[in-house]
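Computed over heavy atoms, backbone and side chain alike; hydrogens, waters and symmetry mates excluded. Remember, it's a predicted structure, so these values are computed and weren't measured experimentally.
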Amino acid sequence: MDWFLIITTLIKIVVVVFLAILPSVAYSVYFERRVSAWIQDRLGPNRVGPLGLLQPIADGLKFLLKEDVTPGHVNKFYFWLAPALVLVPALVTCAVLPFGSEMQLPLWLQDLIGTKANIPMVIADLDTGPLFIFAISSLGVYGIVLAGWASNSKYPFLGGVRSSSQMISYEIALGLSIVPLLMIYGDLHLGKIVAAQAKEGWSLLPFWTEGHAFAFDLKKIALAVPVGISFIVFMTAIFAETNRVPFDLAECETELVGGYHTEYSSMKFALFFLGEYAAMIVGSCFAVTLFFGGWTLPFGLSAQQLGAVGPGIALFQFLTLFIKVFLFVLFFIWVRWTLPRFRYDQLMRLGWVWLFEIALVNIILTAGLLIAFR
Amino acid sequence: MATKLVERPKLNFFEKIYLSSILHGLALTFGHIVRLFRGKTKVVMQYPEEKWDSNLPEYYRGAPALVTDEHGRERCVACQLCEFICPPRAITITPEEIPNNDPWAKVEKRPKAFEIDMIRCIYCGMCEEVCPEQAIFLRKDYAITGESRAEMVHDKRKLYEIGGVRTGLVNKWNELK
């Protein structure tokens with residue numbers, strides 16, 4: 001039985017990381033460039049292939065073929081370690097995100113391998129999903145700090161210092177912001193949170209309750225207030241977590257040249273790049289899972305798909321999640337080309353004085369509402 | 001020195017929590033996308049497909065070229081003034097004598113080879129200005145490309161190909177004396 005688990009897990013890892021996340025990283029870079037161009041009244045890359053769709057492949061080849069420079073003045077060990085430390089946590093966090101319910105193998109395949117077990121559509125079915133994500137994803141900051149420090153140069157150093165100060169100001173708010181959701185669903189298991197949303201309606205859709213697409217349920221509407229607040233706090237913190245504008249203090253091309261990756265080139269730079277976008281995709285996936293029902297369709301359409309489903313429906317669930325994440329990534333890009341960068345002290349103030357307190361008050365508000373509507 | 005105290009703008013509550021200005025900004029950038037897709041935005045010219053050629057002004061200075069006159073005679077008499085005036089020394093002329101049996105024998109000289117190195121040429125137009133025979137003109141060709149240095153040197157054949165025929169102005173060789 002163990003080999004079945006190992007093989008299916010390996011297949012899931014390969015499919016999720018190499019067929020879903022890394023290609024979508026490449027294409028979110030493409031969309032980043034196209035959307036930024038549209039916002040600035042340009043056209044963006046449209047030459048390589050139809051509509052420029054082969055541009056990411058050309059970019060990837062360029063990264064592979066470039067000279068990999070390790071400057072003489074750096075601390076080599078940490079300099080080489082840092083890019084991996086940025087990319088790996090971003091990819092590891094996708095392990096607990098559910099991308100479907102449970103897949104039932106077709107009968108001929110069941111006969112062939114001699115087991116009737118279903119495959120859960122998540123790489124690691126942990127009971128502590130959000131905690132795992134917070135624990136692993138904050139490790140990515142070490143990569144940035146190490147890159148800044150090991151580069152032995154002033155701009156990367158400033159980027160690294162900023163990154164660590166940034167982390168201490170958003171991490172608390174990030175953790176506290178989802179506590180109201182955990183209180184409402186009473187569970188830390190992401191798969192169960194998604195299943196509950198499939199039945200009772202997405203966290204952010206107040207007029208949809210169990211069995212009714214447009215119902216007026218006072219409890220659900222009242223709870224939409226704290227959920228909405230926690231969504232705003234969570235999104236703000238996720239922007240900081242993924243080092244995206246308006247919180248890209250560590251990178252900050254306009255002030256710090258390239259920030260922590262100033263001294264990097266070729267594939268090592270590409271790893272930082274991949275790490276940033278993979279973190280963005282996984283962060284979007286996390287937000288979708290918590291607030292927009294993960295792989296489910298709205299208005300109870302997925303309530304029948306909660307048990308074991310065939311491969312076709314499993315693929316459909318995967319695509320549903322993929323489309324939602326894609327829309328979120330577009331939102332990330334849209335925000336990047338709209339807002340200016342926060343100043344160092346403004347971010348600290350926002351994190352410590354506003355988001356932290358709002359998240360705390362939000363928890364108490366949720367607790368009060370839950371008692372009132374018990 | 002007089003100092004002026006600049007007062008910081010007083011923000012109301014909604015401005016202080018950023019949300020209203022964030023939404024305003026998002027709407028603004030989204031408006032740009034919508035306008036682009038509705039074709040209301042003028043975007044940059046797509047160069048190799050669209051060109052500005054029909055709008056080039058009369059005085060545009062492109063690649064220099066040699067011209068022939070209405071009788072098919074090459075106007076250049078190999079006086080080498082352009083070669084001497086050329087600031088980057090892009091022009092090289094090898095003169096030759098016109099043989100006696102030639103109908104234009106009385107012109108006496110013509111260029112055996114006339115080479116302009118287009119890597120050197122700075123499109124200043126001094127060759128055109130100095131030419132006593134109106135034989136060299138700056139045309140509107142600007143996309144001069146090549147894959148080697150040798151390809152970038154325009155020889156006589158190429159120069160006449162670009163230049164073509166010009167009529168009028170120089171008539172002193174026409175009637176036989």
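Contact count versus chain A (heavy atoms, under 4.5 Å) is highest, among Val43(B), Leu26(B), Val34(B), Leu28(B), for Leu26(B). Top candidate by heavy-atom pairs under 4.5 Å with chain B, chosen from Asp41(A), Leu339(A), Leu350(A), is Asp41(A).
Paired with Lys156(B) under the rule salt bridge (Lys or Arg N to Asp or Glu O under 4.0 Å), one option of Glu96(B), Glu161(B), Glu74(B), Glu115(B) passes, and it is Glu74(B).
The contact between Trp337(A) and chain B is made entirely by backbone atoms, counting heavy-atom distances below 4.5 Å. The contact between Phe37(B) and chain A is made entirely by side chain atoms (from C-beta outward), counting heavy-atom distances below 4.5 Å.
Below 30°, between 30° and 60°, or above 60°: for Phe231(A) and Phe328(A) the angle between ring planes is above 60°, a perpendicular geometry.
Between Tyr170(A) and Phe239(A), a ring centre-to-centre spacing not shorter than 6.0 Å is recorded.
Taking the ring centre of Phe247(A) as origin, the terminal cationic atom of Arg341(A) falls outside the region bounded by 6.0 Å and 45° from the ring axis.
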